[in-house]
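Step one of this worksheet: look at the structure below.
Keep in mind that the numbers below use all heavy atoms, side chains included, and drop hydrogens, waters and symmetry copies. Quick note on labels: first sequence line is chain A, next is B, and so on, each numbered from 1.
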Amino acid sequence: MANAHDSSPERPAILDRVRPAELPRSPLILNNRGFHWITDKVCAIVEEPTPLWWKVTFAAALFIASFTFVGLGYLVSTGTGAWGLRSPVGWGWAIVNFVFWVGIGHAGTLISAILCLLRQKWRTSINRAAEAMTIFAVCCAGLFPLFHVGRVWFAWWLFPIPNQNGIWPQFRSPLEWDVFAVSTYFTVSTLFWYMGMIPDLGTIRDRATTWWRKAFYSLLAMGWRGGNRQWSNFEMAYLLLAGLSTPLVLSVHTIVSFDFAVSNVPGWHTTIFPPYFVAGAIFSGFAMVLTLMLPLRAIYRLHDVINQYHIDNMCKIILATGTMVGYAYATEFFIAAYSGNSFEKFAFVNRAFGQYSWAYWIMVSCNVITPQLFWFKKVRENHSLVWIICLFVNVGMWFERFVITITSLANDYLPSSWGYYSPTIVDIFTFFGTFGFFSVLFLLFVRFLPLLPMAEVKMVTPQADPHAH
Amino acid sequence: MRKLLEYLNRPAPRGNFFSRSVNAAPFQIIVCLLITGVVVTAAVNEYATNKYLNVGYTPDQPVAFDHSFHAGPDSALGLDCRYCHNFVEKSGHSNVPTTNTCWNCHSQVKPDSPALALVKNSFLTGDAIRWVKVHKVPDYVYFNHSVHVNRGVSCVECHGRIDQQAVVGQQKSLNMSFCLDCHRNPEQALRPLDKITDLAYKAASPAAQTADGTKFVHNWKVNPPQSCSGCHR
Amino acid sequence: MPHALTDHWKKFLVAGVVALAVVWCFAFNGVSHDDYRQGLSVLVGAMFWISILIGMLMLTMITRVFDAGWAPLIRRNWEHMLIALPILIVIGIAPLAFIPASRHLLWEWTNAGHVLPSGHTVGADPILQAKSWFLNENFFLARIALYAVIFGVLAILLRRWSFAQDTDRTAGHTHRLHAVSAVGIPLSAITLTMLAFDCLMALSYHWFSTMYGVWFFALSIRLALAVTVILTYKLSNGGWLDGLLNQAHRHVLGCLMLAFTVFWAYISFSQYFLIYTANIPEETFWYNIREIDAVTGLKSEWWGVSMYMIFGFFFLPFLSLLPYRTKIVPGRLLTVAWIIVAGALADLWFNAVPRQLTQADLTKFPEGFTVAPFLTSSLFLDLLAIIGFGAVVIAIFLRGASKNETIPVHDPRILESINYHE
Amino acid sequence: MNERNERIHGVACTFRQVSDVFHAAEQVRDAGWKNWDVHTPFPIHGMDQAMGLPRSPVPRLTLLGGITGFITGCLLTWYMNSYDYPLIVGGKPYWSVIFPFPVIYECTILFAAFGTFFGQFIFNRLPHHHHPLFDLPQFSRVSDDTFMIVLEARDPQFHLDESRNFLLSLGGQEITVIRD
């Protein structure tokens, strides 16, 4: 029976009447799996001989990644015009792809940090892979603005380092804020990811039998011994990093939205952009997490650790953030009409019914309408359908960035300088290749690092509770 | 390859993998990295800048024209810079003289000297002498000679003591911070307009230079641009 | 067996009615002298509590959707209060909107004859004409009614099934409440956005910001959490939460207060920052009149209010909530909650009160207007209105608690909530 | 201390159940031990209290890092945009706290994260690649599903035989002497 409050001298009478209705919580780990099972399951992914599917996929990923490097090589040797950038659209696919990839990255931090703060224990099954996804997505994202500067060997001028020109970065520019935001984000995400991995690396180290494994994992595990004095500091640091990552992840996509919103281009300048971009980022990121985790779950038979409850939760988050994005679209439209400003009105009407209306309607149908299917339990339980819907969301979010970036630039104040933007083959190659680049990194991660945070998964099992009976 | 794999896959030792001394390694590595970082930064700052890479660039010229013999008050001839570079006050671009300018005098002075064979040939055929450009700024920099010269900036500020050079070489770094130094403190560089080509001119004292310069900045409404579009147009 | 505290509901009701009667007397007096400020006191008082109740409504639904283990003990108190939300719209906002005289004074755009600083009348204002599809009186009144209906339906549903569970002990009610909340959250988001547009943003109808709804949401949640902390403090010292609430509950409320303090700052800063950086006059004027006295060119009283918001409403609660001890020591948490309540009032003032008062005398007022000052005796009327509406809300709350269980004894998560630990 | 004790790091015993090691830890704490630790594959909820550990000092370094970052961000933006290379851009002042706020903010987060990350390493005395515990065969199961209590020889209460008996009385298994 309930014992409320240790320091309370009198037990409130109402406690006698407390009898909760039966509604058990879904178990986080199915089939009552023990600690050793979890260790075996996760370590086996790293320890087993390289599977054939991995080799094939890795080769394919490398091949696809080469498209990016060919594209970038051509771009560097030719000039940024190779990207189809010309007046009036000076920001083409490069920025679209940048925002797309950075956005995908955000779900990783959301899962690891925000859900940690919200004590959503189900995060433990997916957070490691999601964090890895964050870092690799940011790597892909970083390529685009980096090469967009043109003379990429001078990109270090963006950092506050003394240079022979005697000039300094210009801190009133949102693009400079981006440099700080994205590099901080990358650094902190990597620290967070790595630190969270140390105990698990220790586990793999302790199981290693061959020389190079012992060397590799010993080095990475930093001599972790799992003493509670270490755990105490570790958990505090982990919580603090989660606490720091949360405002960080918000700020990063906020600053990305500032790239657009601090200008006075109609369709870009709207105050809701910061939270709207953040919601969109989380939306696309969760879709990507599901896109990656559903196949991995099937391949490595992780059904007990990543079960319907986890998938349900992720679907619901996609539904919620998709609806928030829809709210933002609606608010933008409403305020454009409410403002009485004819340029604003035109910008939004043109988006929906102008030359890029095809992109706009792809965006709306993929981002707002498709996720509404997640209201239905039947849909959430059909994993192939979930996977397909997530692909739609990924496509939709790419188109969202396309619509925002391109439509506002192609039709601004002066009708005489309106234009129509089309990407070049170099654009397409470069972007296509980033999926390979991302996959290469992600496959390496799957193969060599612990895919699931073993320690954290063990922590949420019922037998980890010292007061369990 | 197989041997390497076998070597890597040999059984791991039991117990501690690293020896006790490895515990000190992280500290040592950090110290080494710090030292390396400082050295590399210092080296890059010293050796990878225009100051090191460009200053002293003294290409061979097709004709061994000796500025220290022709130009300046201390030279044998004492020509003014503007005798040859005669558009420097009127044009954004300061011209290299045509062969005609040389031949004004050399038609009388040593016309048949072998050192002047190329000049004579140029005069007779009309083919230009292929002088090698010494002072170069990148294409994306807009530099106007006349506006500087007409506001009291002497040749010497950017080109150094040409009047003392037998073969012309670059003496100043001409990088962006070199430009900005002057644009930020123009009073340190301005001089009376009649002393523009007097490369040896020095104000009576640093204080006098500052006082004069400040006066010139005010009187001539000198307002050197520091914004990007001042030079990158 | 209702708790003894609930017997006081009638006293609160009487006190509230008396206070509101006084406020309304002043308001009508003001209206008859063409002074909008006393009428605004009614709006400020009502919006203050509507904001709190909207926050509680959202928190109720959010904790339902998340199936939060800590929530049931605390959520029941929100449920007692929720029904006050439609009632406040009816007794607070509706009279102001439906009585033509007060409507014309408070919402300038409804008064076609009102002269603007430019010398034109509102009726001839091309900006208003472009907005008239939305800003027209019939639609406006219909919207106000609709807000009351939507919030009323949600409040009724959320209460009915929760209370029904107290008698029949079925988990099915929890599923139903989950569904209502899932649908209710987006519905309320739209409703509260529109409410904020109509009741606050449209007070200065030229200005617009897409962020405004989100700002109002952030403010509402902050206020609701602060009021919850104060309320649960009282209720665990001689009320029905005595001996039930523990350190972990305070900790979770403290963490949420911290989170939404940051969220509020994020939203408010972003809105300011984007308008500041883009520097477009059709938006900046709204902040300008809240910073600089157009006559003297010096910082105005409103600048002081905004500084108070930065330091007193953000930095002070933010920095105090960072240490762990603040979140678990009852007295400290209570102090921070009061700081947030005070700051929220300043924010509401900042958003509702400043407006351009047209002045014909161009020698004294070169811009053609002066900005309504901050320091006036009407601030006391605002406070009285807040106390009046607050007393009514507390009366409704206590009466609700007397009719129903004070804690949801059969909620599936009630034991989890009682035994909640960090 | 005699010569034999100098080469001993401590004694260890293992447990199979979380609740067992938890209650054992409470008893070690109550016996007044200072230099001892509980090695577990994952952090056990409430173990800090069971061991009587104070709250972790990591937040202090986080705060220090955050303050450093904030000041660095302010100085950086002020020096570069207002002092060393003042330029008028976009009608903004040379320096104010508003326009470079994103940069100052990111610096604050970055340095606070460094403080936290390196704080964890410093307070945990990591990296520490060589340790006597690694020589224990059963220690490799501690990162899997086994729990271990280690009483260290440098604790004033340490006495080889008594400490072993103490561990035995706690219900520990596989009681082993750890040689340094």
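Only the side chain of D:Phe147 has a heavy atom closer than 4.5 Å to any heavy atom of chain A. A:Glu235 touches chain D through its side chain: at least one heavy atom from C-beta onward sits under 4.5 Å away, while N, CA, C and O do not. Contacts of A:Leu239 with chain D are absent, with no heavy-atom separation under 4.5 Å from either backbone or side chain. Using a 4.5 Å cut-off between heavy atoms, D:Thr77 touches chain A through backbone and side chain atoms alike. Only the side chain of D:Arg55 has a heavy atom closer than 4.5 Å to any heavy atom of chain A. With a 4.5 angstrom heavy-atom cutoff, A:Leu191 touches chain D via backbone and side-chain atoms both. Residue D:Pro137 does not touch chain A at all, counting heavy-atom pairs closer than 4.5 Å. Residue contact with chain A, scored on non-hydrogen atoms closer than 4.5 Å, is absent for D:Trp78. Neither the backbone nor the side chain of A:Glu456 comes within contact range of chain D, judged by heavy atoms closer than 4.5 Å. There is no contact between A:Pro199 and chain D, counting heavy-atom distances below 4.5 Å. Residue contact with chain A, scored on non-hydrogen atoms closer than 4.5 Å, involves the backbone and the side chain of D:Leu110 alike. For D:Phe121, the part lying under 4.5 angstrom from a heavy atom of chain A is the side chain only. Heavy-atom distances place both the backbone and the side chain of D:Met47 under 4.5 Å from chain A. With a 4.5 angstrom heavy-atom cutoff, A:Pro247 touches chain D via backbone and side-chain atoms both. Using a 4.5 Å cut-off between heavy atoms, D:Leu76 touches chain A through backbone and side chain atoms alike. Both the backbone and the side chain of D:Phe99 come within contact range of chain A, judged by heavy atoms closer than 4.5 Å.
In this structure, the ring of A:Trp224 has its center less than 6.0 angstrom from the ring center of A:Trp231. Annotation: A:Phe180 is not in aromatic contact with D:Tyr105 [ring centroid separation under 6.0 Å not met].
Classified by interplanar angle (parallel below 30°, tilted 30° to 60°, perpendicular above 60°), the ring pair A:His253/A:Phe277 is tilted. Ring geometry for D:His131 against D:Phe134 counts as perpendicular: the plane angle is over 60°, on a 0 to 90° scale with 30° as the lower cut.
Between the side chains of D:Asn124 and A:Asn233, at least one donor N or O sits under 3.5 Å from an acceptor N or O. With no hydrogens or angles considered, a side-chain donor-acceptor pair links A:Thr109 and A:Tyr185 at under 3.5 Å. Between the side chains of D:Thr14 and D:Gln138, no donor N or O sits under 3.5 Å from an acceptor N or O. A:Arg207 and D:Ser140 share no donor-acceptor pair across their side chains, judged by distance under 3.5 Å alone.
Ranked by non-hydrogen atom pairs under 4.5 Å with chain D, the options A:Phe192, A:Tyr194, A:Phe234, A:Phe258 are led by A:Phe234. Interface check for chain D: of the options A:Ala221, A:Ala181, A:Ser218, A:Gly202, the most heavy-atom pairs under 4.5 Å are formed by A:Ala181.
A donor-acceptor pair under 3.5 Å links the side-chain atoms of A:Ser263 to the main chain of A:Phe260, judged by distance alone.
Other residues, nucleotides and ligands contribute only 12 or fewer heavy atoms inside 6.0 Å of the NZ atom of A:Lys121.
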